[in-house]
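Below: one structure, written as structure tokens.
Starting from 1, each residue takes its place in the sequence as its number. First listed ligand is number 1; within each ligand, the first listed atom is number 1.
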Amino acid sequence: MKILVINCGSSSVKFKLFEMPEEKLISYGNVEKIGEEISIFKYYGKVNFEKKLKINNHQEGLELIANALLENEIKSIKEIKGVGHRVVHGGEGFNSSVRINDEVIKKIEDHLFLAPLHNPHNLAGIKGCMKLFPESIQVASFDTAFHTTIPKISFLYALPYDFYQKYKIRRYGFHGISHRYVARRAAEIMGKEKYEINAITCHLGNGCSVTAVKNGKSYDTSMGFTPLEGLIMGTRSGDIDPGAILYLLENLNLKPNEINELLNKKSGLIGISGISNDFRNLLPLYNKDEKVTLAIDMFCYRLKKYIGSYIAALGLVHAIVFTGGIGENVSLVREKSLENMDVFGIEIDKAKNEKIVGKEGKISKETSKIKIFVIPTNEELRIAFDTYQIISNS
Ligand code: ADP
């Protein structure tokens, strides 16, 4: 059964076409820079190409993808039995992937205010695919769903309780599709059932978050009401005293949109280093450029503090998992964020750690009580799997 997975960002559409349940990737690619002077369409499958052209909106991008699939991989649109969509914010309403109907669309629309940068594009992708693939079952997979098991003691902020009830201000958590995928995979590698594992999963990509997984379920996570809280990220500050924001508002007269830009786009690795948000550009300058070194050291220190606090929250931890572009590729971050933690039963094997780049592997010493893994994430495959299951059960 062919399942198409669609991930619509603000100016991009990523896609992957799978044969399920074989988990075979048939083709993949993306449309980038939608709405700009020159957009890019990259396609990999029976043929590979990269085209530069003008793509005005998500709908046009989706049409290009559908046509390329028709030309190269399928004879009829009807062959695509299901389309799985990544949706960033499902609020408290969705604790698993769901088949999309009018009620689901209404609920996603009701939550647009919680993720104004993401959900409108996700919704555009859903509506576009409903037109292009009218006979396919459409499924939504939410980044927040895995975190709906987080208990109140960890999801509430200590604001007056009304603010939660009236305005829905609470920790939601993100990257749930990835945290769930790697937690399940870690359980599999360790020969455990999915609800037997306690793990700390570190998703380190453009956005970064860490999750405490207790008995296979999310128990706490570093991202909060928005994807800004928690770890230091490429361009985001992560945790900061809200008092500093009040100071900027009151004394420097920064406007809310300027503060938004400051915290989301100009902070984190790029803010401290002044050079780049991308580890590929920063790593060659580590221990050579003072601010780059500081940015990387701060990034690792913040992560280490979260890992320590989640060990305290969980008590028993079987595994620590690194994933995402940085988690999978940057051995320095894995080493520095876990150094001198023998007292917690964490012993990283430096030689193994250096060898595992962009692939799955165990990087802890045999004596380490807590096992440490690198597990490449595959959010699209997880969405394809959920879509396949929903179709099979309907
Ligand atoms: P996203 O969060 O958008 O899915 P990724 O998980 O691909 O993104 O992570 C992107 C980030 O990962 C880049 O900004 C870069 O810092 C880092 N990264 C990706 N590949 C490498 C690599 N080979 N070496 C070092 N850093 C990498």
Side-chain angles (χ1 to χ4, degrees), residues 5-16 28-34 40 42 44 85-88 115 117-118 121-122 141 143 173-182 185 201-211 221-223 226-228 230-236 238 264-286 289 292-293 295-300 302-303 321-337 353-361 363 374-383:
V5 176
I6 294 288
N7 184 354
C8 277
S10 54
S11 61
S12 68
V13 181
K14 291 184 195 155
F15 77 94
K16 279 189 183 174
Y28 65 98
N30 59 37
V31 173
E32 290 167 32
K33 302 192 180 201
I34 293 174
I40 304 167
K42 293 181 188 163
Y44 307 94
H85 299 267
R86 181 180 188 183
V87 180
V88 168
L117 301 179
H118 298 101
H121 310 297
N122 304 155
S141 288
D143 267 316
F174 299 89
H175 292 142
I177 301 165
S178 176
H179 288 294
R180 174 167 164 243
Y181 177 83
V182 298
R185 177 70 194 129
T201 52
C202 310
H203 178 104
L204 312 175
N206 281 317
C208 301
S209 69
V210 50
T211 293
T221 194
S222 60
M223 281 181 169
T226 72
L228 181 54
L231 299 178
I232 292 172
M233 311 178 210
T235 61
R236 292 176 231 167
N264 276 302
K265 299 269 161 65
K266 294 183 178 164
S267 297
L269 293 171
I270 195 160
I272 298 291
S273 71
I275 288 185
S276 176
N277 60 316
D278 193 320
F279 260 92
R280 283 165 287 205
N281 303 327
L282 298 177
L283 281 173
L285 298 173
Y286 188 68
D289 179 284
V292 167
T293 309
I296 294 179
D297 286 347
M298 283 172 66
F299 181 96
C300 297
R302 178 82 56 90
L303 175 59
V321 183
F322 288 91
T323 194
I326 300 165
E328 291 162 28
N329 293 293
V330 186
S331 56
L332 177 75
V333 165
R334 302 187 300 237
E335 184 184 328
K336 286 203 76 67
S337 59
N353 182 38
E354 267 165 39
K355 279 196 204 120
I356 303 289
V357 177
K359 60 179 182 185
E360 185 174 294
I363 56 168
V374 176
I375 301 179
T377 195
N378 198 337
E379 288 153 302
E380 292 83 6
L381 180 59
R382 187 66 246 182
I383 297 171

Among all protein non-hydrogen atoms, which one is nearest to [atom], and what is the separation to 0.1 Å?
| atom | answer |
| --- | --- |
| atom 16 (O) of ligand 1 | Phe279 N, 2.9 Å |
| atom 17 (C) of ligand 1 | Ile326 CG1, 3.6 Å |
| atom 4 (O) of ligand 1 | Lys14 NZ, 4.7 Å |
| atom 3 (O) of ligand 1 | Asn206 ND2, 2.8 Å |
| atom 13 (C) of ligand 1 | Arg280 NH2, 3.6 Å |

In sequence, state the C-alpha distance, the side-chain angles, and the governing distance for Ser222 and Leu231, and then conclude on side chain to side chain contact (heavy atoms under 4.5 Å, CB included).
-> CA-CA 7 Å; Ser222 60; Leu231 299 178; 4.2 Å; yes
Would you tell me which option among Gly9, Ser178, Gly205, Gly207 has the nearest heavy-atom contact to atom 9 (O) of ligand 1?
->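 Looking at heavy atoms only, Gly205 sits closest to atom 9 (O) of ligand 1.
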Best match, Leu204, Asn329, Thr235, Leu332: closest heavy atom to atom 22 (C) of ligand 1 =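 That would be Asn329.
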Distance from Ser141 atom OG to Asn122 atom CG, nearest 0.5 Å?
->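 Atom-to-atom, Ser141:OG and Asn122:CG are 11.0 Å apart.
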Would you check whether [X] has a nitrogen or oxygen atom less than 3.5 angstrom from a nitrogen or oxygen atom of ligand 1?
| X | value |
| --- | --- |
| Leu283 | no |
| Asp278 | yes |
| His203 | no |
| Gly325 | yes |

Per the side-chain contact (heavy atoms from CB on, under 4.5 Å) rule, which among Val357, Val374, Ile356 passes with Asn329?
->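 For Asn329, the side-chain contact (heavy atoms from CB on, under 4.5 Å) test succeeds with only one of Val357, Val374, Ile356, which is Val357.
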Please walk me through it: do Thr201 and His175 pass side chain to side chain donor-acceptor pair (under 3.5 Å)?
-> CA-CA 11 Å; Thr201 52; His175 292 142; over 6 Å; no
Charged N to carboxylate O under 4.0 angstrom, Glu380 versus Lys14?
->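 No salt bridge links Glu380 with Lys14.
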Kindly assign one of parallel, tilted or perpendicular to the pair Tyr28 and Tyr44, based on the angle between their ring planes and the thresholds 30° and 60°.
->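 Taking Tyr44 first and then Tyr28, their aromatic rings lie parallel (interplane angle under 30°).
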Kindly give the heavy-atom pair with the smallest separation between Asn281 and Ser276, and that separation in Å.
->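 Where Asn281 meets Ser276 most closely, the heavy atoms are ND2-OG, 2.9 Å.
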Residue of the set Glu379, His203, Glu328 for which side chain to side chain donor-acceptor pair (under 3.5 Å) holds with Thr323 |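 Filter result, single survivor: Glu328.
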Per-atom contacts of ligand 1 with Val330, taking only distances under 4.0 Å to non-hydrogen atoms =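 In order of number, 25 (C), 26 (N).
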